[in-house]
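Quick caveat, the model's predicted, so the values are computed rather than measured. Just follow the structure's listing: the first ligand is 1, and inside any ligand the first atom is 1.
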Amino acid sequence: MILRPNQRLKLDDTNDNLFYADPRFVTHVDEAFIKQLTDVYRDKLKPNTRIFDMMSSWVSHLPQMQFAHVEGHGLNAEELARNPRLNHYFVQNLNDHPQLPLPDQDFDAVINCVSVQYIQYPEAVFSEIHRILKPGGVAIISFSNRMFFQKAIQAWRDGSEESRVELVKSYFASVPGFSTPEVIVHKSTMPNFLQWLGAPGGDPFYAVVAYRSS
Ligand SMILES: C[S@@+](CC[C@H](N)C(=O)[O-])C[C@H]1O[C@@H](n2cnc3c(N)ncnc32)[C@H](O)[C@@H]1O
């Protein structure tokens, strides 16, 4: 196990279903972050393939590309119902039930945007990501420095931006059969106080990308 029990704790330890019960039709990161993410997706995803957008909402940040199927997942059905990119979706709390109701080797890509910090059992969830990916399939985990602080696990809250990259790399490393992750970083050039004020272009961008190698 890569996390100690205390590192999995959230300040708000009520069931996550409660926190996400009401829809939030917002974007959680700024336009520059979203553009960088869409560019990564354009580069790494292939047309007419099967995508699993896990921990999704009403937006998937996918490029204008035709996919064979986009499966969505999250905790709020209203948000997912409004997402125009999803062909189908399901609601499931990964901290209660990490096993995905999806077949083995069924997806070419798994994407997870600004949500990995809420996963309490990443070993189990990343094992599921591996299981549902086809050999050669890609997993793209992106994040910034924003979060619902009370819902992020302690290992994330207490970490630096650099240590969070290492944490996500260790999640991949906990499952045999992933390639060595590639890390894509666009640090903010904005002074810290402007980032904190939410100035546009201020959100740092991180993506950790790994392939199912076996
Ligand atoms: C900050 S939002 C990001 C949503 C979306 N990926 C985006 O880019 O806008 C975090 C998402 O993680 C999902 N989430 C949080 N905790 C979860 C849990 N325990 N199980 C499943 N999904 C969860 C919620 O549905 C929520 O939409």
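The nearest protein atom to atom 17 (C) of ligand 1, hydrogens excluded, is given as L75 CD1, 3.4 Å; this is a heavy-atom distance. Nearest protein heavy-atom contact of atom 10 (C) of ligand 1 is S115 OG, 3.2 Å. Counting protein heavy atoms only, atom 26 (C) of ligand 1 is closest to Y20 CE2, 3.6 Å. At the shortest separation from atom 9 (O) of ligand 1 among protein heavy atoms lies S57 OG, 3.1 Å.
Taking a cut-off of under 4.0 Å to the non-hydrogen atoms of H61, the atoms of ligand 1 that pass are 7 (C), 8 (O), 9 (O). The contact set between ligand 1 and N95, taken as ligand atoms under 4.0 Å from a residue heavy atom, comprises 19 (N). Each of the atoms 18 (C), 19 (N), 20 (N), 21 (C) of ligand 1 lies under 4.0 Å from some heavy atom of L94. Taking every heavy atom of Q92 and a limit of under 4.0 angstrom, the matching atoms of ligand 1 come to 20 (N), 21 (C). Close approach of ligand 1 to H73 (heavy-atom distance below 4.0 Å) involves ligand atoms 21 (C), 22 (N).
In summary, the side chains of N83 and S60 do present a donor paired with an acceptor at a separation below 3.5 Å, with no hydrogens or angles considered. With hydrogens and angles left out, the side-chain atoms of N15 and D96 include a donor and acceptor closer than 3.5 Å. For the residue pair Y89 and E71, no side-chain donor N or O sits within less than 3.5 Å of a side-chain acceptor on the partner.
Cation-pi check for R82 over F25 is met; the charged atom lies under 6.0 angstrom from the ring centroid and within 45 degrees of its normal.
Taking any N or O of G74, backbone or side chain, none lies under 3.5 Å from an N or O belonging to ligand 1. Between N76 and ligand 1, not a single N/O pair is under 3.5 Å apart. Inclusion of M55 in the set of residues having an N or O under 3.5 Å from an N or O of ligand 1 is warranted. The shortest N or O to N or O distance between V114 and ligand 1 is not under 3.5 Å. Between K10 and ligand 1, not a single N/O pair is under 3.5 Å apart. Considering both main-chain and side-chain atoms, S56 comes within under 3.5 Å of ligand 1 through a nitrogen or oxygen pair. Checked by distance only, ligand 1 and M54 stay at 3.5 Å or farther apart across all their nitrogen or oxygen atoms. For the pair N93 and ligand 1, the shortest N or O to N or O distance falls below 3.5 Å.
In this structure, F178 has its ring center closer than 6.0 angstrom to the ring center of H130. Two rings, from F143 and W156, have their centers less than 6.0 Å apart.
For R146 and D203, the salt-bridge test passes: some basic side-chain N is under 4.0 Å from an acidic carboxylate O. Ion pairing between K134 and D108 holds under the 4.0 Å rule for side-chain N and carboxylate O. For E182 and K44, the salt-bridge test passes: some basic side-chain N is under 4.0 Å from an acidic carboxylate O. A salt bridge links K169 with E166: the closest approach of a Lys/Arg side-chain nitrogen to an acidic carboxylate oxygen falls below 4.0 angstrom.
The environment of E162 atom CD is dense: over 12 non-hydrogen atoms of other residues, nucleotides or ligands sit within 6.0 angstrom.
Looking at H28 against ligand 1, only its side chain comes within 4.0 Å, counting heavy atoms.
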